[in-house]
4 protein chains.
Amino acid sequence: MAGVNKVILVGNLGADPEVKHLEGDKVVANLRLATTEAYKDKMGNRVENTEWHDLELWDGQAKIAEQYLKKGSQLFVEGKIKSDTWQDDQGNNRKRTKIRVLSFTMLGGRPDNAGGGAPQGGGYSQQQPSNVSTPSAVSEGPQEEDDLPF
Amino acid sequence: MAGVNKVILVGNLGADPEVKHLEGDKVVANLRLATTEAYKDKMGNRVENTEWHDLELWDGQAKIAEQYLKKGSQLFVEGKIKSDTWQDDQGNNRKRTKIRVLSFTMLGGRPDNAGGGAPQGGGYSQQQPSNVSTPSAVSEGPQEEDDLPF
Amino acid sequence: MAGVNKVILVGNLGADPEVKHLEGDKVVANLRLATTEAYKDKMGNRVENTEWHDLELWDGQAKIAEQYLKKGSQLFVEGKIKSDTWQDDQGNNRKRTKIRVLSFTMLGGRPDNAGGGAPQGGGYSQQQPSNVSTPSAVSEGPQEEDDLPF
Amino acid sequence: MAGVNKVILVGNLGADPEVKHLEGDKVVANLRLATTEAYKDKMGNRVENTEWHDLELWDGQAKIAEQYLKKGSQLFVEGKIKSDTWQDDQGNNRKRTKIRVLSFTMLGGRPDNAGGGAPQGGGYSQQQPSNVSTPSAVSEGPQEEDDLPF
DNA sequence: TTTT
DNA sequence: TTTT
């Protein structure tokens, strides 16, 4: 046992959040986050490397993402790696990896769509149910998701 | 052995950097960084808690800090905890803790004092001395990334 | 605001935990953790550098620390920097920095004092009340501590 | 821009390292690391969830992995997410995600195969290539800053 | 004061 | 496939 599985990202959204409202008040948001690093290669030329991450947020966080995030938003994200495995049509083992977000913080200036009372720049974590509108959804969300068969 | 000593901060500078140019081309910058967390107390009132961190940067990073950072700048910082211990006048053991910065990244929008070639939004790490040693590299390096289409 | 204040440590305890049982079922444990890094200096000599960290754990985690940790235990720790400030007898401003532990994991082999059902190697976090004996204390603990006058 | 892409793992190897010696003195090691988390579900039953990570190490680190790591080894790992994308035979876009290891630390007790001078418990980072190939190079690395007078 |  |  004794496991630690932690991911920390700072990057920008490549698109607006995709949010699905599921039965039972559950909400899931999928985000595409780009983290770019720049360095000089052996020839001294500047090289830029962008990694795209698939983020998954649930319930309270998903609602906040839906309300405040959009393409270009700069985020600090903390989460864990979580992969789905399955067999495709040809019977091949397939695996898809995503980042299950545990908390995130909007960075930079006030977003365009944020009203006066907006939580711009605040931190939203699954452990702080007070941050979100429906406390019950918060406590249910993350655990159920862990019951999936993989 | 087997030690890990890692600090990750996102916050804002409480003052302009204090930079000292020492003999032998060494430079040290001291920054005051505030990290604020907000939560609701038992009465449901919003409470805000600010922790102030003393950051220390050396040489190339110190020069970049001197050039581009100022009061209010938002930073991502990675470093390690490092404490000084000494005896004061009364012979009491004293200890002062600071964060030795290993890399930092400027967050948020383009700073006021950044010219056209400013490295706003770039990452500066001790492991990439090329970023810091030559002024031209600084202004060239991470700058272009702002042109990404999101 | 947009704050992140995160500390990650792997090290060994320099002494057995110091545990205080306070009124109202509150428990606090103080640990001394050493993180050691080794490197070679310019002369090629191996140099060892040890940083000592003051850790503070509350309630459920404090009880687990009391029960399972001892001098020499190897730990993974996640927490945040938290400093107390006050004025000493001479009216000087003083500051003391510690690590408020949010979760920890025992590393390495089974400890001597662990029985068959011991949670050795498990992870103990404030967010997983199931880990500790009195659920009520868990939810109260961390928030109250933030109400302290500093 | 302003990217951060950081992964921190503590887990155990599911198999011995797979090491390939490539042309030009390059070496790559692939590891399978399990991170396990345990929690109680709604019924109060203990549930265990294991995530398997594909780690990739190069050159000096790969050699150390080959020499000292084996099935069951407990590791602290720091790295970044790195994905390969390609098209399969059917022309479908495919993606595979792995962890590019930047540094790792062996945890726990002395391994069976470690001799007297073994680096058990030490830290091995990419920034200190010297750690592995040429002992003398160690003195040159990025650690010199610790010689500064503070 | 830990650990190797 | 690890670990407890």
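Sequence lines set the chain letters: A, B, ... in the order given, protein chains first and strands last, and positions in each chain run from 1.
Under the 4.0 Å criterion applied to side-chain N and carboxylate O atoms, A:K80 and D:E37 are assigned as salt-bridge partners.
Taking atom CG of D:L107 as the reference point, atom P of E:dT4 lies 12 Å away to the nearest angstrom. Between the C1' atom of F:dT3 and the CD atom of D:E48 lies a distance of 8 Å, rounded to the nearest Å. As a whole-Å value, the separation of C:D16 CG from E:dT3 P is 11 Å. The CG-C1' distance, from D:L55 to F:dT2, rounds to 12 Å in whole Å. Summarising the geometry, the separation between CG on D:L13 and P on F:dT2 is reported as 11 Å, rounded to the nearest angstrom. Counting to the nearest Å, the C1' atom of E:dT3 and the CG atom of C:L75 are 12 Å from each other. Atoms NZ (C:K70) and P (E:dT2) sit 14 Å apart, rounded to a whole Å. The interatomic distance linking C:W52 (CH2) with E:dT3 (P) rounds to 8 Å, in whole Å.
With C:D84 as the partner, the side-chain hydrogen bond (donor to acceptor under 3.5 Å, both in side chains) test is satisfied by one option alone out of C:K98, C:R94, C:K95: C:K98.
Checked against E:dT2, F:dT4, F:dT2, the side chain of D:K71 finds its nearest nucleotide in F:dT2. Closest to the side chain of C:N12, out of E:dT4, E:dT3, F:dT3, is E:dT3. Ranking F:dT2, E:dT4, F:dT4 by closeness to the D:R46 side chain, first place goes to F:dT4. For D:A34, counting side-chain heavy atoms from C-beta on, the closest listed nucleotide (F:dT4, E:dT3, F:dT2) is F:dT2.
For F:dT2, its base sits under 3.5 Å from the side chain of D:T50 at one donor and acceptor pair at least.
For D:N92, the CG atom is densely surrounded, since the number of other residues' heavy atoms within 6.0 Å is greater than 12.
Screening residues 4-18 of chain C for salt bridge (Lys or Arg N to Asp or Glu O under 4.0 Å), with sequence neighbours left out, gives A:E78-C:K6, C:K6-C:E78.
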